[in-house]
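Given the structure is predicted, the values throughout are model-derived calculations rather than measurements.
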Amino acid sequence: MDITPQISANGNITLHVHPIISAVDSQTKSIAGQAVPLALTSTREIDSVIKAENGKIVVLGGLAFERNVNETAGPPGLSRVPLLGDALEQKQTQSVKSEFIILLKPIIANELGNREVLEQSNGRFRELNKAIDPFLDN
């Protein structure tokens, strides 16, 4: 993911966000009569410009993907026998959907901003300690 932030003189934040998702599948090609395994790469990407407020969470979606998965199962060896193989074979097609969602929290780095982030983090840590304290052996 590539993020280019810009901060105006009055503190407005603009983010140029460019996420890329790559997937590699295998495929077989016949070259000179030989079955050769090859990689098949697919890439999905978006390019967005987001205006954000300091310390506020921004949600970016849009990298949705749908693919069909075909599976075949049957007794080994019998699937190659004409007619009999087709009768004993099971075929299943499944649709798989996915979406990539990005949560960004831009914070302008300054002494006050850094202190707030540290105090929030320490507060969450104290709450976690209170929650697990009864389970610890003292």
Side-chain angles (χ1 to χ4, degrees):
M1 178 175 340
D2 180 29
I3 300 176
T4 306
Q6 294 178 336
I7 303 169
S8 68
N10 58 359
N12 292 328
I13 302 170
T14 303
L15 302 171
H16 177 231
V17 184
H18 186 86
I20 302 172
I21 298 175
S22 297
V24 179
D25 291 320
S26 63
Q27 67 176 351
T28 304
K29 292 281 185 174
S30 178
I31 299 175
Q34 291 280 56
V36 179
L38 297 174
L40 175 65
T41 305
S42 62
T43 303
R44 295 179 292 142
E45 59 186 297
I46 58 174
D47 204 17
S48 299
V49 177
I50 302 169
K51 293 202 180 271
E53 293 182 35
N54 186 29
K56 302 290 182 178
I57 295 175
V58 177
V59 179
L60 178 64
L63 282 171
F65 183 71
E66 182 175 355
R67 65 185 175 119
N68 291 324
V69 178
N70 298 316
E71 294 180 358
T72 304
L78 291 179
S79 61
R80 289 184 235 151
V81 176
L83 298 176
L84 180 63
D86 290 338
L88 297 175
E89 193 173 68
Q90 289 182 341
K91 294 181 181 180
Q92 180 181 16
T93 301
Q94 186 177 19
S95 179
V96 178
K97 296 179 183 182
S98 65
E99 183 169 3
F100 188 65
I101 297 177
I102 302 165
L103 303 175
L104 298 171
K105 184 177 180 181
I107 298 173
I108 297 175
N110 59 32
E111 187 176 322
L112 179 62
N114 292 339
R115 186 177 305 130
E116 288 175 12
V117 170
L118 288 173
E119 288 173 3
Q120 290 173 359
S121 179
N122 285 336
R124 287 191 300 269
F125 187 68
R126 281 191 292 275
E127 291 299 317
L128 179 62
N129 278 337
K130 286 180 191 175
I132 64 172
D133 189 53
F135 301 104
L136 298 176
D137 293 327
N138 292 340

Do Leu40 and Ile21 sit in one hydrophobic cluster, given that two such residues count as connected whenever their side-chain heavy atoms are within less than 4.5 Å of each other, even indirectly?
no
side-chain hydrogen bond (donor to acceptor under 3.5 Å, both in side chains) partners of residues 23-40, not counting sequence neighbours, each pair once:
none
Checking side chain to side chain contact (heavy atoms under 4.5 Å, CB included) between Pro106 and each of Leu15, Thr14, Ile7, which is the one that passes?
Leu15
If you link I, L, V, M, F, W and Y whenever their side-chain heavy atoms are under 4.5 Å apart, who else ends up in the same group as Val59?
Ile57, Ile101, Leu103
Test applied, side chain to side chain contact (heavy atoms under 4.5 Å, CB included); reference residue, His16; option that passes from Ile50, Asp47, Ile3:
Asp47
d(Ile108 CD1, Ile13 CD1) to nearest 0.5 Å is 4.0 Å
Applying side chain to side chain donor-acceptor pair (under 3.5 Å), name anything that partners Ser95, two or more places apart in sequence or on another chain.
Glu66
Going by chain and number, the hydrophobic cluster around Val36 (ILVMFWY, side chain to side chain under 4.5 Å) further includes Ile31, Leu38
CG-OG distance between Leu104 and Ser48, expressed to the nearest 0.5 angstrom
10.0 Å
Under the salt bridge (Lys or Arg N to Asp or Glu O under 4.0 Å) rule, collect the residues that match up with Glu127, sequence neighbours excluded.
Lys130
Distance-minimising heavy-atom pair for Gly61 and Ile46
O-CD1, 3.7 Å
Approximate separation, where rounding is to 0.5 Å, of Thr43 OG1 and Ile20 CD1:
7.5 Å
Residue list, side chain to side chain donor-acceptor pair (under 3.5 Å) with Glu45, at least two apart or on another chain:
His18
